[in-house]
Novice: 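Structure provided below as structure tokens; questions to follow.
These values consider heavy atoms only, across backbone and side chains, with no hydrogens, waters or symmetry-generated copies. In listed order, ligands and their atoms are each counted from 1. As the structure is a computational prediction, the values presented were derived from the model and not from experiment.
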Amino acid sequence: MSEEFDFRHWSHHAADWSADYLESIGERAVRPTVRPGAVAEQIDDHAPESGEPMGTIFEDFENIIPDSMTHWQHPRFFAYFQSNASPAAQLAEQLATAFASQCMLWQTSPAATELEMKMVDWLRQAVDLPAEFKGSFQDSASSSTLCAILTMREIALDFRGNQEGLFSKAPLRVYASGRTHSSIDKAMWIAGLGQDNLVKIPTGDGPLYPMNANALRAAIKTDRESGYTPAGIIICVGGTSVGATDNVAEICAIAREEGIYTHLDAAWAGSAMICPEFRHLWEGAELADSIVLNPHKWLGVPVECSLHLVRNPETLVRTMAIQPEYLKTHGKDGIVNFSEWSVQLGRRFRALKVWFMLRFYGLENLRNRIRNHVSWSQGLAENLSVSPGFEIVSEPVLSLFSFRHVVDDGRDLDQHNLNLVNAINDDGRIYLTQTSHDGKTAIRFVAGQFDMREEDVNIAFEAITEVAHSLG
Ligand SMILES: *Cc1c(COP(=O)(O)O)cnc(C)c1O
């Protein structure tokens with residue numbers, strides 16, 4: 001029962017546990033070798049009728065959970081894109097949980113709302129976008145992108161879609177390269193626009209695989225002639241599979257000629273834009289109508305923290321604001337209510353962790369981490385490219401590249417590389433994921449864990465080459 005719960009004691013205990021966990025995390029296998037169902041078997045089938053002592057609960061936590069987790073804060077996590085939780089930001093998360101505030105309206109969380117406005121603006125300046133961009137912290141890039149696609153939809157329908165529905169309207173079309181993230185496809189489903197109306201434009205050559213601008217123009221023209229309504233373009237910078245990056249300025253220029261909305265998905269690569277030398281990758285970003293980047297991927301802010309920036313908040317808010325009587329904040333007009341910028345009504349206090357993190361580390365420290373990740377990853381790509389049996393499949397884009405191991409004994413190379421990535425992950429020293437690139441199975445490598453060191457990349461080289469040789 002809560003009045004008997006010694007919150008102070010157990011909070012300290014949890015803090016100690018977390019510090020010990022993070023200090024020794026490098027000694028763990030990055031990905032557990034746990035069989036499906038093994039955890040569920042250890043959990044009771046029903047909730048207890050009466051409460052149990054926290055000591056028992058904590059003991060079960062220690063016995064059941066950590067060894068069956070994939071350790072995303074491990075310095076040798078090189079899979080997917082990293083999900084970072086810098087210790088300074090973890091502290092803010094604890095405090096935000098203590099408030100457990102719903103940051104939906106200014107009046108339900110004045111400090112959270114005003115801090116969010118400031119932190120959005122700090123990050124906007126850090127990535128060098130113009131002051132007209134305003135934004136909010138959403139839970140995920142998937143949600144930010146959904147809001148952008150809903151905004152495209154409403155603009156194209158003269159803001160009648162929410163009221164009238166989509167029936168009997170000419171289909172709206174959205175354009176993206178074939179190398180964008182699946183969250184775009186999903187947003188098309190949820191927005192009621194349909195997969196078939198996401199027009200995938202072919203891409204040019206590597207290393208950036210940009211959307212073909214002439215093909216985009218032609219697709220828009222054909223669609224108009226066929227009675228469709230072009231509504232928006234999704235621009236990709238740093239795609240998930242091989243870092244595909246569109247030519248932002250060129251695509252935005254076409255969008256302006258055509259009068260259609262643009263959303264720039266830089267969920268991963270956007271964090272690197274705090275470094276001036278990487279900004280060429282999204283040159284022209286200031287021309288986009290909407291931009292998403294995830295501080296929870298590469299800036300050390302724990303999930304969930306996706307920065308959604310828009311050049312004109314008016315169209316977003318007109319799309320997303322719904323105000324039943326009990327949510328109206330009479331007399332407070334002109335004040336930002338962030339629930340009107342997103343799907344969620346109740347929202348976490350996300351700005352606190354950004355504030356702690358940016359102040360404790362400072363931008364220069366964060367830039368140096370990202371620069372190191374990029375140069376260490378590129379060094380590994382070079383080392384692998386001159387190692388017998390290895391070939392680079394996609395050249396590095398920032399800290400992401402892909403490779404494969406080639407044997408000439410007639411083995412199926414796709415299967416061989418799947419076996420290799422599984423064997424590497426079972427080895428435990430590092431964790432990688434595979435992708436399919438131009439019909440070939442390749443192994444992705446991405447550096448970006450907050451506290452990783454160069455020696456972690458050296459260990460990756462050893463693990464990859466040793467395991468490959470053991471497979472022959
Ligand atoms: C990770 C990623 C996403 C999805 O991000 P969530 O926050 O998990 O929804 C979308 N686009 C790109 C390019 C990504 O790298």
Side-chain angles (χ1 to χ4, degrees), residues 70 72 77-85 89 123 127 135-150 174 176-191 198 200 203 207-211 232-246 248 251 262-273 278 281-282 285 288 290-309 341-344 347-348 350 353-354 370 373-374 377 394 396-402 433-435 437 444-449:
T70 297
W72 285 72
F77 184 107
F78 301 116
Y80 305 95
F81 285 129
Q82 281 73 15
S83 164
N84 278 309
L123 287 171
V127 299
S136 69
F137 293 121
Q138 303 225 21
D139 57 353
S140 62
S142 303
S143 294
S144 303
T145 293
L146 173 60
C147 289
I149 286 184
L150 290 169
V174 174
S177 95
R179 298 182 186 272
T180 46
H181 191 267
S182 58
S183 56
I184 317 298
D185 303 64
K186 201 165 181 181
M188 291 294 287
W189 303 3
I190 301 171
L198 177 59
K200 302 254 170 119
T203 49
L208 293 179
Y209 306 98
M211 188 189 320
I233 305 172
I234 309 293
I235 306 169
C236 179
V237 169
T240 313
S241 177
V242 296
T245 295
D246 296 327
V248 181
I251 304 299
T262 47
H263 172 64
L264 167 54
D265 179 4
W268 164 66
S271 295
M273 302 305 136
F278 300 136
L281 279 176
W282 79 355
S290 163
I291 300 175
V292 62
L293 64 97
N294 279 0
H296 72 217
K297 275 189 171 148
W298 207 359
L299 275 186
V301 187
V303 281
E304 301 165 338
C305 187
S306 173
L307 173 63
H308 183 208
L309 290 163
W341 296 54
S342 62
V343 174
Q344 285 184 289
R347 316 165 65 248
R348 238 182 116 70
R350 298 194 181 102
K353 55 194 174 187
V354 180
I370 288 177
H373 299 157
V374 171
S377 180
S394 65
V397 175
L398 298 170
S399 66
L400 166 68
F401 69 94
S402 65
T433 35
Q434 71 278 358
T435 188
H437 181 59
R444 282 170 85 257
F445 180 93
V446 54
Q449 200 281 325

Novice: Name the residues in contact with ligand 1, where contact means a heavy atom under 4.0 Å away: which are they?
Specialist: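 For ligand 1, the residues that come within the 4.0 Å heavy-atom cutoff are Phe81, Ser140, Ala141, Ser142, His181, Ser183, Gly238, Thr240, Asp265, Ala267, Trp268, Asn294, His296, Lys297.
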Novice: Atom CG in Asp185, atom CD1 in Ile234: separation rounded to 0.5 Å?
Specialist: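 So the CG of Asp185 and the CD1 of Ile234 are separated by 10.0 Å.
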Novice: Could you check whether His181 and Ser183, counting side-chain N and O atoms only, form a donor-acceptor pair closer than 3.5 Å?
Specialist: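 Side chains of Ser183 and His181: pair found under 3.5 Å.
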Novice: Of all the heavy-atom pairs spanning Phe81 and Trp72, show the shortest one and how long it is.
Specialist: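 Closest approach of Phe81 to Trp72, heavy atoms only: O-CZ3, 3.3 Å.
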Novice: Taking the six-membered ring for Trp and the single ring otherwise, decide whether the centroids of His296 and Phe137 are under 6.0 Å apart.
Specialist: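 Centroid distance His296-Phe137: not below 6.0 Å, so no.
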Novice: For Lys353 and Cys305, indicate whether the former's side chain and the latter's backbone hold a donor-acceptor pair under 3.5 Å.
Specialist: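 No, Lys353 side chain to Cys305 backbone: no donor-acceptor pair under 3.5 Å.
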Novice: Decide yes or no on side-chain hydrogen bond (donor to acceptor under 3.5 Å, both in side chains) for Ser290 and His263, but give the supporting numbers first.
Specialist: CA-CA 5 Å; Ser290 163; His263 172 64; 2.7 Å; yes
